[in-house]
Amino acid sequence: MTSIEHVLSDLNEPQRQAVTSTQGPLLILAGPGSGKTRVITHRIAYLVGHDDVAPWRILAVTFTNKAAREMRQRVEARLGDVARDVVLGTFHAICARFLRTDGQHAGIDRSFTIYDDADQVAVIKRVAEDMNINTRQVPERAILSAISRAKSELISAYDFASTTHEYFTEVVARSYERYEQVLAANNALDFDDLIVRTVNLLRDHAPTREKYQDRFLHVLVDEFQDTNIAQYQLARLLAAKFGNICVVGDPDQSIYSWRSADIRNILDFERDFPGAQIVLLEQNYRSTQTILDAAHAVISGNEQRKEKALWTDRGEGEPIVMFEAYDERDEAQFVAAEVASLTKHGMRLQDIAVMYRTNAQSRALEEALIGAGIPYQLVGGTRFYERREIKDVLAYLRLVHNPFDAVAFTRVANVPGRGVGEKTMEQFQRWAATLGLPLYAALQVLAAQQDGNITPEIARMPRHPLAARQATALRGFLGIIDELIALAPDNPLSVLVGGLLDRTQYRRYLFDEPGRGAGEDQQSEAEARWANVQELAAYAAEFDGLAGGEGLAAFLENAALVSDADEMAEGDDAAGRATLITLHSAKGLEFPVVFMIAMEDGVLPHVRSFDTPAQMEEERRLCYVGMTRAKERLYLLRAFRRYGGGASQHNPASRFLRDIPPSLVSARADASEPQEPMRYRAPAPRDDRPEVPGSDAFHGGERVRHPKFGEGVVVGCKTSGGDQEVTVSFKGVGLKTLSLSIAPLERL
DNA sequence: ATACACGCGCTTTTT
DNA sequence: GCGCGTGTAT
């Protein structure tokens with residue numbers, strides 16, 4: 001066991017305690033730079049090496065995919081290949097996996113699609129339209145975030161409806177119910193569902209619960225301060241049998257309460273697990289004492305806080321630099337000039353990061369850096385997976401995987417343009433809605449009607465309202481989808497992607513469609529877009545090893561759950577480039593040199609946080625997170641005037657700057673008056689959800705599976721004599737009318 | 001009547 | 001990058 005001795009020898013005393021206290025609940029409060037990741041990876045190594053825990057019986061949850069990957073690498077460095085067996089990932093990725101394997105016990109189809117933010121907006125838009133909600137008065141975003149908040153507190157649509165008495169929440173309640181129906185009809189889960197449905201699955205299905213509870217001897221949760229109630233309940237459920245739950249977090253770095261992260265989880269932990277050990281990691285190995293003192297001065301302004309005193313033996317270091325520029329361009333030029341000067345003195349570009357509150361602020365910086373010839377990498381911003389061409393291709397792939405996905409359907413039904421305009425889609429959608437069918441199933445009905453392929457079922461349905469030209473245009477789309485569906489099962493994913501690009505003529509669409517201009521700009525834009533598509537195709541090829549359908553499923557899951565911050569360049573790719581990054585994305589990272597720009601009231605703290613003290617405290621934590629990223633040098637910049645929201649305006653210096661003792665700063669300008677905040681809203685209570693009533697007869701829109709034809713949706717159903725005849729729209733097959741006595745259908 | 005290109009204004013933070 | 005309004009093409 002010399003390797004274990006070795007593992008422990010390079011830890012300080014509290015760290016060692018955090019690593020070796022393997023029995024029972026443990027709360028690790030870890031300040032920034034206190035070796036938190038080290039402690040977690042060492043702990044996993046210790047569990048395997050010293051306690052003889054099988055790696056596959058350890059569950060470690062992180063906040064980002066990037067953190068998960070990094071952790072896996074570091075565990076691998078200690079343990080070798082067995083590290084692969086540790087279950088390690090984000091809450092969302094882990095839950096997605098659980099639901100793919102065991103979701104059927106909670107009525108979840110294996111081929112479910114994961115809806116990202118944009119997909120959710122598309123759904124809620126339709127919902128609002130259907131329900132005559134004025135989205136000027138009640139914006140979609142507001143409805144969506146209320147729904148998300150409810151879900152993250154495990155409040156179902158049913159519960160929500162029963163607790164509401166004001167206009168806004170009533171609108172939300174009605175939308176929530178409808179939203180859930182639409183998601184179900186599309187065979188889709190949103191991000192919150194991944195967690196909520198897993199919690200429900202474990203709670204309601206004993207065999208699955210026991211399977212996972214028996215399996216996970218140890219549960220570790222990183223960034224615990226950023227978990228929401230549903231995530232905490234999930235961790236609790238999973239650790240319930242052995243009680244070995246270790247959570248690591250720092251309340252001072254909680255910056256995701258707007259995403260329903262709940263600081264109460266840390267407080268509740270001590271209540272839920274009485275006698276839990278608590279370890280405080282206060283020695284900082286990252287920053288100079290000057291930086292720590294300044295950061296501490298800022299965070300001390302928060303009242304809702306447990307005191308934690310960071311210290312370092314790294315010495316005082318350089319004073320903090322403050323600078324007031326004239327405007328944002330001037331500010332960006334200061335950054336560029338300073339970066340140039342630092343590199344002249346031996347600093348490497350990859351050691352430098354510029355941080356800001358909102359993504360839009362990267363613009364001026366990019367211009368200045370380009371102007372100064374300084375290479376940079378932009379984290380976040382317009383993300384790869386949010387590009388139009390990428391979303392188009394993904395929408396096609398999603399349809400192949402799950403043709404009942406209405407969001408994907410409407411996105412690409414007319415991409416490339418095939419004469420299916422707004423009016424056509426509107427009429428078609430309305431008709432599909434009166435049939436109560438998914439768009440894909442309705443399109444199959446339409447095809448049958450146009451071909452005069454009329455079964456009694458179809459004869460009873462209203463005929464589609466489209467002109468022949470419109471109907472034919474839509475059928476062209478159906479043809480493509482069905483061809484691709486036929487291609488999918490027996491071919492590697494890259495063949496499917498190739499077939500899709502080929503069949504849709506996507507390249508020609510990119511280069512020709514904007515058409516007649518033929519200017520150089522247009523040409524290069526098309527080339528850039530095509531390059532993105534190629535990149536996506538290359539990425540898809542990495543899934544070729546998996547059998548047809550599995551590759552597609554894994555690829556789509558990845559695309560939905562991976563963010564660009566995860567993809568942040570490291571090692572060779574990062575060499576020679578400065579980093580531009582939001583304060584939120586910067587959490588967990590460190591750089592020798594950090595610039596924080598726009599240190600102004602209205603930006604940091606953000607205007608939208610002036611309403612409540614809780615929000616203001618979160619802004620302060622965000623500032624603290626940014627400052628504590630810096631190892632050696634910290635620059636705090638602001639501008640006299642800034643162009644925000646159309647007009648240029650003057651922002652007072654950030655109130656956070658006033659808390660930094662002048663002795664730590666090399667140059668300083670005065671700050672001005674603060675503003676005072678107000679009330680805050682208590683969360684709604686939680687309760688159990690109702691049982692779904694069952695029925696024997698099949699009804700329209702219901703999802704079924706047939707041993708030969710695969711998955712489908714019931715289009716119509718009639719009883720003749722003792723038998724039931726059901727017409728079903730099958731994925732890639734078309735309409736089939738079946739006698740239940742001959743061909744039993746499995747309800748999904 | 002319908003489809004589509006183009007210009008304008010807006011965007012807190014993200015799994 | 002998206003929604004919206006406007007003008008032009010089929």
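Each chain gets a letter, A, B and so on, in the order the sequences are listed, and its residues count up from 1.
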- Item | Ionic contact status for A:E426 with A:R430, cut-off 4.0 Å | yes
- Item | Given B:dT14, C:dC2, B:dA3, the nucleotide with the shortest approach to the side chain of A:K391 | C:dC2
- Query: Among all residues two or more places apart in sequence or in another chain, which pass the ring pair (Phe, Tyr, Trp, His ring centres under 6.0 Å) test with A:H606?
  - Reply: none
- Task: Tell me what A:K587 touches on the nucleic acid: a base, only sugar-phosphate, or nothing, going by heavy atoms under 4.0 Å.
- Result: nothing
- Message: Check this one for me: any side-chain N or O of A:N414 less than 4.0 Å away from OP1 or OP2 of B:dA3?
- Response: no
- Task: For A:I255 and for A:G421, locate the closest nucleotide of DNA chain B by heavy-atom distance; then report the residue assigned to the nucleotide nearer the 5' terminus.
- Result: A:G421
- Item | A:T64 side chain near B:dT14 phosphate (N/O to OP1/OP2, under 4.0 Å) | no
- Check salt bridge (Lys or Arg N to Asp or Glu O under 4.0 Å) between A:R305 and all other residues, then give those that pass, not counting sequence neighbours. A:D252, A:E307
- Message: Measuring to OP1 and OP2 of C:dC2, would you say a side-chain N or O of A:K125 lies under 4.0 angstrom away?
- Response: no
- Partners meeting salt bridge (Lys or Arg N to Asp or Glu O under 4.0 Å) with A:E557 (sequence neighbours left out): A:R97, A:R100
- Contacts of A:R608 and A:F191 projected onto DNA chain B by closest heavy atom; the upstream (5') one is A:R608
- Query: Distance check: side-chain N/O of A:Q427 vs OP1/OP2 of B:dT2, anything under 4.0 Å?
  - Reply: yes
- Has A:T424 got a side-chain N or O lying under 4.0 Å from the OP1 or OP2 atom of B:dA3? yes
- Note on the structure: Out of C:dC2, B:dT15, B:dT14, minimum distance to the side chain of A:T90 belongs to B:dT15
- Message: Among residues at least two apart in sequence or on other chains, which ones pass ring pair (Phe, Tyr, Trp, His ring centres under 6.0 Å) with A:Y256?
- Response: A:F63, A:W258, A:H584
- Task: Tell me whether the centres of the aromatic rings in A:Y179 and A:Y176 are closer together than 6.0 Å.
- Result: no
- Query: CD of A:Q120 versus P of B:dT15: gap in Å, rounded?
  - Reply: 14 Å
Using the 3.5 Å cut-off, write out each protein N or O paired with an N or O of nucleotides 5-10 of chain C and the distance between them.
none

- Phosphate-side-chain proximity, A:N228 and B:dT15, N/O vs OP1/OP2 below 4.0 Å: no
- Note on the structure: Across all chains, not counting sequence neighbours, the ring pair (Phe, Tyr, Trp, His ring centres under 6.0 Å) partners of A:Y624 are none
- Looking at B:dT14, B:dC4, B:dT15, which one has an atom nearest to any side-chain atom of A:T582? B:dT14
- Query: Would you say a side-chain N or O of A:R141 is under 4.0 Å from OP1 or OP2 of C:dG3?
  - Reply: no
- Per atom distances to the A:H92 side chain, the nearest of C:dC2, B:dT15, B:dT13 is B:dT15
- Relative to each other, are the rings of A:F477 and A:Y396 parallel, tilted or perpendicular (30° and 60° limits)? perpendicular
- Task: Would you mind telling me which of B:dA3, C:dG1, B:dT14 lies closest to the side-chain atoms of A:S585?
- Result: B:dT14
- Message: Looking only at the side chain of A:Q470 (C-beta and beyond, no hydrogens), which of the listed nucleotides B:dT2, B:dT14, C:dG1 gets closest?
- Response: B:dT2
- Message: Taking any heavy-atom pair under 4.0 Å as a contact, classify A:E618: base, sugar-phosphate, or nothing.
- Response: nothing
- How would you label the contact of A:F91 with the nucleic acid (heavy atoms, under 4.0 Å): base, sugar-phosphate, or nothing? nothing
